[in-house]
Undergrad: 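Let me give you the structure first, and then I'll get to my questions.
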2 protein chains.
Amino acid sequence: MAAERSGGGDPARTLALLWRDPPEPKPVGRKPKVSVDQIVNAAITVADREGLGAMSMARVAQELGVGTMSLYTHVPGKAELIDLMTDTVLQERELTPEGTWRERVKHYADRTRAVYQAHPWMRDVSMVRPPLGPGLMDGQEFLLAALADSGLEPRHVTVAHVAVEGFVHGAAASEVDDQQLAAATGESGDSWWGARQVFWDDYFDVERYPTMTTLWNAGAYEVGDSLADHVHSSFDYGLDKLLDGIEGGMR
Amino acid sequence: MAAERSGGGDPARTLALLWRDPPEPKPVGRKPKVSVDQIVNAAITVADREGLGAMSMARVAQELGVGTMSLYTHVPGKAELIDLMTDTVLQERELTPEGTWRERVKHYADRTRAVYQAHPWMRDVSMVRPPLGPGLMDGQEFLLAALADSGLEPRHVTVAHVAVEGFVHGAAASEVDDQQLAAATGESGDSWWGARQVFWDDYFDVERYPTMTTLWNAGAYEVGDSLADHVHSSFDYGLDKLLDGIEGGMR
DNA sequence: ATTGTTTCCGTATGACCTACGGAAATGGGG
DNA sequence: CCCCATTTCCGTAGGTCATACGGAAACAAT
């Protein structure tokens, strides 16, 4: 299915929820059995355990011991709930502004990666029209501040920001995809590749793919560590080179 | 919903389909009304027009003028159909090996971006456990060959490959997300941001976000071109810097 | 106790994927 | 020409999901 994203609901309502703008006290009427925070936390719990696909309104309601439709009193719909989940986990980053601008960018990348690791369903959330809540905004401010301290001109800061943010989220998403699939299908990444051994036996053509063959023979794929570690260090390398390039471009 | 990906079906069956391994001639029996190619093309047409979310088995069957269940004779299920769609559009890249290694990497990025532009639903397809078909494999070979020609050691080629591939797919996906949303919701990116004007009025805090405020006042966001163009040039910049870094790391 | 307000939630609708099993088409053997 | 094994087609049905609707239930003020 398509990636989850904000519905076309009322933006003002969604923003009020994101910033926990209390909708004005209600002195009369039945007491709420659940709160927005409880719903969001329950949804995160379910998604962490069973993936975003399993995070249905019915499943979240069950988790809380209420009827499905009760949720709609507090949250406009599923799309908005995902926005709330997203901004909530982004807040877990707790970014501390220490060290050089490079160290802070890497800190940002590490913390963001940690969020994806803890909440693999983040891979399925589009970050192009993100929920404009405190979790996202604080992160943007942190990353922009780091890049601005690098000495880049203001106009280049915004450009570099898009590139770095794209790299970080893309890398974190890629890295975590593997685990998410493992959780959803009960099949690990290694076993997935193992099951596709047939490919190398039946379809791989040495003449069609000379470079891959050469690299294989040169032992380039004989990494001692696991697939996940290899991907991880590749993205560390990539971010490093990206920052090298940005730094070098100023001189 | 969660990103689409391969189901747990028989890998050998899926690989045979990807490489169009004919399942042996069937001299007897009813003549097929549709072929695998027709199904894949119809599915791509539907997804291009209405998004991956609208690409239901029923919708594809309707497009072909056959019953829904007929598709299951030729294709194991929806997940495998998406694998076939993905590899098919990746084949459209037609990568031509000309120029320096850098030019070839940028060529790869451009062609891949073009695929995402033409088929925005690609954003919703996970590329971590990709369909091992000719479209994907030819691309990997091309990119690996370019990086190998750069003079990197074999072991670094594979590391750089993951980083560049991640960046390219991530960038292409980000860039296209906007259009896909516009198509799905009938709301353009600009109008989406416009509707969230409330955010700047009601929730943006100048003291909490000093860097953003400074950058705004410095005119860093006053780009003449559209949002899409800004994102596009940001990723060009990012890839350039990434390659600068890779190149510089060799010396 | 009545009334206004708010929350809770059972039911129903419509969309989706796909298992099942029978109907329909096809070509070869008698 | 008829029969029948083989293959494809597809109607039906069961399971899942989001969510619109409307009434029941809880609560505070009167």
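A, B, ... follow the sequence lines: proteins, then strands. Residue 1 opens every chain.
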Undergrad: Sub-3.5 Å donor-acceptor pair from the side chain of S233(B) to the main-chain atoms of D229(B), do we have one?
TA: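 Yes.
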Undergrad: Output the rounded distance in Å from CE (M57(B)) to P (dT12(D)).
TA: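 The answer, rounded to whole Å, is 19 Å.
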Undergrad: Could you check whether V75(A) gets within reach of a base, just the sugar-phosphate, or nothing at all, counting any heavy atom under 4.0 Å?
TA: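 The answer is nothing, as V75(A) stays clear of every strand by at least 4.0 Å.
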Undergrad: Indicate yes or no: at least one non-hydrogen side-chain atom of R59(A) is less than 4.5 angstrom from one of E50(A).
TA: yes
Undergrad: Write down the distance between CE (M55(A)) and C1' (dT16(D)), rounded to a whole number of angstrom.
TA: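 After rounding, the reported distance stands at 15 Å.
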Undergrad: Go through the steps for E175(A) and R113(A) under the test salt bridge (charged side-chain N to carboxylate O under 4.0 Å, His left out), then give the verdict.
TA: CA-CA 8 Å; E175(A) 239 193 290; R113(A) 176 155 53 203; 3.2 Å; yes
Undergrad: Specify the separation, in whole Å, of atom CG of L52(A) and atom P of dA18(D).
TA: 10 Å
Undergrad: Roughly how many Å is it from OH in Y72(A) to P in dC17(D), rounded to a whole number?
TA: 12 Å
Undergrad: To the nearest Å, how far apart are H74(A) NE2 and dT19(D) P?
TA: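 It works out to 16 Å between those atoms.
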Undergrad: Would the distance check show the side chain of E92(A) and the main-chain N or O of V115(A) forming a donor-acceptor pair, the cut-off being under 3.5 Å?
TA: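 Flag not set: sc E92(A) to bb V115(A) has no pair under 3.5 Å.
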Undergrad: Considering only heavy atoms from C-beta outward, does the side chain of M212(B) approach that of V206(B) to under 4.5 Å?
TA: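 No. Closest side-chain heavy atoms not under 4.5 Å.
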Undergrad: Inspect the surroundings of CH2 in W19(B) and state if more than 12 heavy atoms from other residues, nucleotides or ligands are less than 6.0 Å away.
TA: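 Correct, the count exceeds 12.
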Undergrad: Can you tabulate the close N/O pairs, meaning under 3.5 Å, that link protein atoms to atoms of nucleotides 9-11 of chain C?
TA:
residue : atom : partner : partner atom : Å
dC9(C)  : OP1  : K33(A)  : NZ           : 2.8
dC9(C)  : OP2  : G67(A)  : N            : 2.9
dC9(C)  : OP2  : S70(A)  : OG           : 3.0

Undergrad: Look up atom CG in D87(A) and atom CZ in R20(A), then write down how far apart they are to the nearest 0.5 Å.
TA: 8.0 Å
Undergrad: As an exercise, state the distance from CG of L90(B) to CE of M127(B), rounded to the nearest 0.5 Å.
TA: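 Going from the CG atom of L90(B) to the CE atom of M127(B) covers 4.5 Å.
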Undergrad: Under 30°, 30 to 60°, or over 60°: which ring-plane class applies to Y203(B) and F199(B), parallel, tilted or perpendicular?
TA: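 Answer is parallel, since the angle falls under 30°.
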Undergrad: Between atom CD1 in I39(A) and atom C1' in dC8(C), what is the gap in whole Å?
TA: 12 Å
Undergrad: Is any side-chain N or O of K31(B) closer than 4.0 Å to OP1 or OP2 of dA25(C)?
TA: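 No, K31(B) has no side-chain N/O under 4.0 Å of OP1/OP2 on dA25(C).
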Undergrad: Got a list of protein N/O to nucleotides 1-5 of chain D N/O distances below 3.5 Å?
TA:
none

